[in-house]
Amino acid sequence: MPTSFFTGTDYALSLPMILLSLFGLGVLIIDLMLPAEWKRWNAITALIGLGFSTAAVMRIQLGHFADGRPLVGSFAYLSNVGGQVVGSVLMDGFSIYFFYLFLLGAAIAILMSAHYLEIEHEHHGEFYALILFSVVGMMCMASGYDLVLLFIGLELMAISTYVLVGFLRRDKRSNEAALKYLLLGAFSSGIFAYGLSLLYGLSGSTNLQVIAQALQRHYSANPKDPIAIVAMITTATGLLFKVAAVPFHQWAPDAYEGAPTSVTGYMSVAVKSAAWAMLLRIFLWGLYPLRPVYLPLLVFVSVATMTVGNFAALSQNNLKRLLAYSSISHVGYMLLGLIASDNITNKTGIQGILVYLLVYTFMNLGAFAVVTSLRRRDIIGDEIDDIAGLYSKAPTEAVLMLLFLLSLAGIPPLAGFYGKYFIFLSLIQTQHYVLASLAVLYAVLGLYYYMRIGSAMFMRPATDPEPVAISPGMQVALAVTAIGTVGIGILPEFFIRAAGWSLGIQQAGTSLLGFLR
Amino acid sequence: MSTLNAYILTIVTFIPLGGAVLLALFPRRDRDLRVFALVVSLLAFVLSLHLPVHFARHHAGFQFEQDIQWITTPNIHYHLAIDGISMWLVLLTTFLTPLCVLISWKSVHDRVKEFFILMLLLETALIGVFVSLDLFLFYFFWEASLIPMALLIGVYGHERRVYAAVKFFLFTMIASVFMLAAILWLYAHVGSFQFADTQQWLRGHGTEIQGAAPWLFLGFFVAFAVKVPLFPLHTWLPDAHVEAPTAGSVLLAGVLLKMGTYGLLRFNVGLFPDEARHNASWIATLAIIGIIYGALVAMVQPNLKKLVAYSSVSHLGFVVLGIFSMTQAGQVGAVFVMLAHGVSTGALFMLVGIIHERRHTFEIAEFGGLATPMPIYATFFLIITLSSIGLPLLNGFVGEFLVLSGAFLAHPLWGILAATGVIWSACYMLWMYQRVFFGKVNHDVNLALPDLSLRERIALWPLAVAAFAMGVAPLIWINAVDPTVRNVLSIAAQFASQVVAR
């Protein structure tokens, strides 16, 4: 019963995405008119676009969303299922939290890129436009409540990222990485789409809520229905591919290594967060009735992910590959949160995943920012040897890198600890003691390879005399990530509350910016 | 004074941190950096003197409390307080740090700024460990102490410093995640990280957690035992000590190791008195093995610094034995040995560092007859050697005597075996002293060695005075420790009677 084609609420809810699209197109057009030495203005335009989009998200949060009830946007149709109005967009705290996360990740990635692209002689406006478009895709993935919108968002993000990975046209590694990523990504999208089509066949709808209700009936009637299980497995495969969980991780190290370093950083945080948003949305909303079926699968995947990620990282000599494997292992920890919590009886694990993704954005982007700045004239700068003796060349950067690495390893005064802390806590609350012990042990293993980088920076002499210069944009990026990493570590209250708020957890306390409700 | 009482612990804990931040902003003029670091650490020491002056000695509970909610979900408090045990450990930390600054005055030439920043950060973390009464806060400081120490060893150490730093880091880190697991388990059941709440809850739920309690006890125990270090988990210690710079060694032996024994006393005995009693026998056995083994290995060391490091293993064995004798005398003695060991071993490491500055070697064979060119040095070394052996009227004696009497009460055989440790320590220390200082000077370079400079003497005098004072008037220290230990033990006793009655 479509009421009206596009209501005022719909405009408000889609404003962040519309603004970003407009700015993306604007960058493309302005780029044509800019002389080569003025290309930095593209970055500034893109940052302004992100700023406007952030303002639009805040408007939703403080205006439309102020009463705390999730908003439903129709985006072309609105149907009434069992007394509840369902549409294709669900604007709840969860979506808003992720919107902020994407905007933050994109902004830092742009700050990191400007100087780097100049060194690579590939400073084109398309880069920034693609980043903005990918953020639009991510927003669809986080707020989509309909399989079609989710899939469109996924593809928009993925295609933008394929291009970004291959952005260094003259670099063979970059081309190879882009092709691998494209082929494997397209393949996984196919499997994912197959799963979605089966879900549609089972429920007769593309709306997650309708699907959940249909699956509930289906599951209680026939718990071992092969169609439902196949639908779940194929959907899960597509999702787990996107977050790079073992055994669907093979693309990650190659794509991470070949991509421009700032894009690698962007992929490892924003793209990954978006994949997580969609994964949580589908597993916790759409596929929730099948939880007993997918739980063993997730246990297997998360243990395999932690094992492969950590052990493979031990022997890497390339910084980007090492960080790629470490990011795989972090996915393993986050999956544990999903195993422990179902978002109804226990929310700690999901809250942990959200906190984890937030702190991961800061610390991992920070680490990649340092690696990016190692790219100097004639030096590719992504081997561990290239970071050796960094302390004698650029002490501030070396200390910051150490902070990021220790945070990644989960040492307490730093932000990374809280991500792991919530995951472990949720495992203990739900009495998964074996998984908790395993995760704790792997966390220690992680320390070893992070400390390898640390000891190279501080305790080895430099291999080349080329100085490390830090551009102003990079300084801002490093400052933001460092403040985030240390600040969240010391005063985590606000961020933990934000994550709790986004899941609708009731919390005591005063109100600040709407988050501290 | 009452307003100061409420904030004094925060001030003392964070003054070094503030100093470190200011130091980071300083220009690289090494002299100014050193003076400033010294001023900050002295300021922390002077302020920490407020604690024993205003400490109510016959009051067994926690004092100078400050309790603020830090994070609401999870329920984490910024809760600082001290009792008789932790007060002296705080004071030991603030006492040793300025001396460490003095002793590193000349020996650190490169990256002077970073060195003192790390040292001040380490001081904050160490004090934080002793004053935290929230398990989470405790863990926070516990891990925070790891990073500056590892960097001090890894950047400023000797030849194999990277290996030693990594080994130190991994050993303590792996062990402490077990403690984290235990802390999280407790939080999931208690709903609070507060020490007092946890203790209360455990007392009320003795039967419910009978299955989990041994595992929780072990989780804490492993983390602390590696830090102490208890035999057979001690292998990181000699490496770390030999490679560490002098100031790092002093703080490592003087304070860092005490984090482990403090944890055993506060958490293992304080939270799980029942388990502590059950497990006392094998832990005490390990402690006695540590005493004898450490002493025997120390005896055959050709390297001065390794000798002192193994003597630490031996002395810390006394502390663990005292704690798990579960007697009043034993535990008071354990606390006293902690303090005495901090003073005398700290001084020993300084003395060894001083000779290394002059000769760049720790090999005993390279020395001989040093008393001739360096009489003042030899005198200081003798006093500290004797205090380390446990000569009456010096600080080592009181603690070891109390521990041994506690061990005899608990189990005569323990006392007999542990008492041999005193003899062994006399053997290796005096033999070492004889080889280094007496006889003829058989290496010509040693003839021209300059004696202690004024700065070095200023660094050593306070330690020598403290060694005397603690030996002559131990009651000043014991008065404050005694009621606290009685408190710990009475909880243990209540617990035992409950178990028996059941």
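Protein chains get the first letters and strands the later ones, always in sequence-line order, with residue 1 at the start of each. Computed from heavy atoms alone, side chains included, the values below leave out hydrogens, waters and symmetry copies. Not measured: the values here are computed from a predicted model.
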message = Within the structure provided, determine whether B:R111 and A:Y391 are in side-chain contact (heavy-atom separation under 4.5 Å).
response =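 The answer is yes; the side chains approach within 4.5 Å.
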query = Do the side chains of A:F424 and B:V177 get nearer than 4.5 Å, heavy atoms only?
reply =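 Sidechains of A:F424 and B:V177: no contact.
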request  = Evaluate whether atom CH2 of B:W215 has more than 12 neighbouring non-hydrogen atoms of other residues, nucleotides or ligands under 6.0 angstrom away.
outcome  =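 For B:W215, atom CH2 is not crowded (no more than 12 foreign heavy atoms under 6.0 Å).
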ask   = With a cut-off of 6.0 Å (strictly less than), are more than 12 heavy atoms of other residues, nucleotides or ligands near OH of A:Y448?
value =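 Atom OH in A:Y448 is not packed in, count stays at 12 or less.
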message = Strictly distance-based, threshold 3.5 Å: is any side-chain N or O of B:W70 a donor or acceptor partner for the main-chain N or O of A:I490?
response =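 Side chain of B:W70 to backbone of A:I490, a donor-acceptor pair under 3.5 Å: yes, one is there.
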Using non-hydrogen atoms and a 4.5 Å limit, figure out which bit of [X] sits close to chain A: side chain, backbone, both or neither.
X	value
B:L184	both
B:L180	side chain
B:F141	neither

task = Quick one: pull up CH2 in B:W185 and OH in A:Y433 and give me the separation to the nearest 0.5 Å.
result =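 One finds 6.0 Å between CH2 of B:W185 and OH of A:Y433.
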ask   = Rounded to the nearest 0.5 Å, what separation is found between the CD atom of B:Q69 and the CD atom of A:E493?
value =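 So the gap between those two atoms works out to 7.5 Å.
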Out of [options], which one racks up the most heavy-atom pairs below 4.5 Å with chain B?
options	answer
A:L491, A:T348, A:L447	A:L447
A:V440, A:L414, A:V399	A:V440
A:P492, A:A436, A:S455	A:P492

Residue part contacting chain B, namely of [X], when any heavy atom lies under 4.5 Å:
X	answer
A:L402	side chain
A:I411	side chain
A:L406	side chain
A:Y418	side chain

request  = Verify the ring-centre separation between B:Y139 and A:Y421: is it less than 6.0 angstrom?
outcome  =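 When the ring centroids of A:Y421 and B:Y139 are compared, they turn out to be at least 6.0 Å apart.
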query = For A:I428 and B:A181, which heavy atoms make the closest approach, and how far apart are they?
reply =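 So the two residues come closest at CD1-O, 3.8 Å.
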